[in-house]
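Along the sequence shown, residues carry numbers from 1.
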Amino acid sequence: MKRLEALERLSGSLHPALEDTVRTNFALGDYETACFATMKAVEVAVRDASGLDNSLVGVKLMRAAFQPHQNGKAGGPLADAEAEGGEQEAASALFAGAMGAYKNPASHRTVNFDDPIEAAEIIQRGAGGLVWPCRLAGWPTPAREGGCLSRR
């Protein structure tokens, strides 16, 4: 029953970067790989949109990309200078937290994703996370042809 509910949650279209790999692995019941691939796509999108190099990964990349603007100092390339300081900090925490909670564990050890609904929720959060860096970089969002990752 849970599996059917989870499949229903992902029944709509996904971001183009997720459609093949993530949907296939999820349908096969390989939730760990589906969630990891989702968060890896977010990491790639943030790196591409921010222009930061490959030496930064995971949480450190998110913190650098979304570092808030403070006391007249420029923030990270994806920090929204128009947003209030607390909102900028929240965006940084949101992306760093997602990497720390959902990508890092699967990068370093076997993670038992046995709940398909939890996995579907992680994938949905990651799909939403792909839109934000693209929008801040001024790139087309996934609703437009090719989505933001087609710029790579």
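At least one donor-acceptor pair under 3.5 Å links the side chain of Gln88 to the backbone N or O of His69. Remark: side-chain polar atoms of Asp115 are paired, donor with acceptor, to backbone N or O of Ile117 under 3.5 angstrom. Glu19 places a side-chain N or O within donor-acceptor distance of the main-chain N or O of Leu14, the cut-off being under 3.5 Å.
Interatomic distance, SG of Cys35 versus CZ of Arg125, reported as 10.0 Å (0.5 Å rounding). Atom CE of Met62 and atom CG of Leu52 lie 9.5 Å apart (nearest 0.5 Å). One finds the CD1 atom of Ile123 at 13.5 Å from the CZ atom of Phe36 (value rounded to the nearest 0.5 Å). How far CG of Asn54 is from CD of Glu43: 9.0 Å, rounded to the nearest 0.5 Å. The CZ atom of Phe95 sits 10.5 Å away from atom CG of Leu61, with the distance rounded to the nearest 0.5 Å.
Considering every non-hydrogen atom in both Arg9 and Glu121, the closest pair reads NH1-OE2, 2.7 Å. A pairwise comparison of heavy atoms in Thr38 and Ile122 identifies CG2-O, 4.2 Å as the closest pair. Between Ala37 and Thr21, the closest heavy-atom pair is CB-CG2, 4.0 Å. Summarising the geometry of Leu10 relative to Gln124, their closest heavy-atom pair is CD2-CG, 3.8 Å, with the distance given to 0.1 Å. Scanning all heavy atoms of the two residues, the minimum distance from Arg47 to Val57 falls at NH2-CG1, 3.6 Å. The shortest heavy-atom contact between Arg3 and Tyr31 is NH1-OH, 2.9 Å.
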Discussion item. Between His15 and Val22, is the side chain to side chain contact (heavy atoms under 4.5 Å, CB included) condition met? List the steps.
Written reply: CA-CA 10 Å; His15 186 286; Val22 171; over 6 Å; no

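A 4.5 Å side-chain heavy-atom check between Val46 and Phe66 finds at least one atom pair inside the cut-off.
Considering only residues two or more places apart in sequence or on other chains, Arg63 meets the side chain to side chain contact (heavy atoms under 4.5 Å, CB included) condition with Val59, Glu89, Ser92, Ala93, Ala96.
Counting heavy-atom neighbours within 6.0 Å of Glu82 CD, excluding the residue itself, gives a total of 12 or less.
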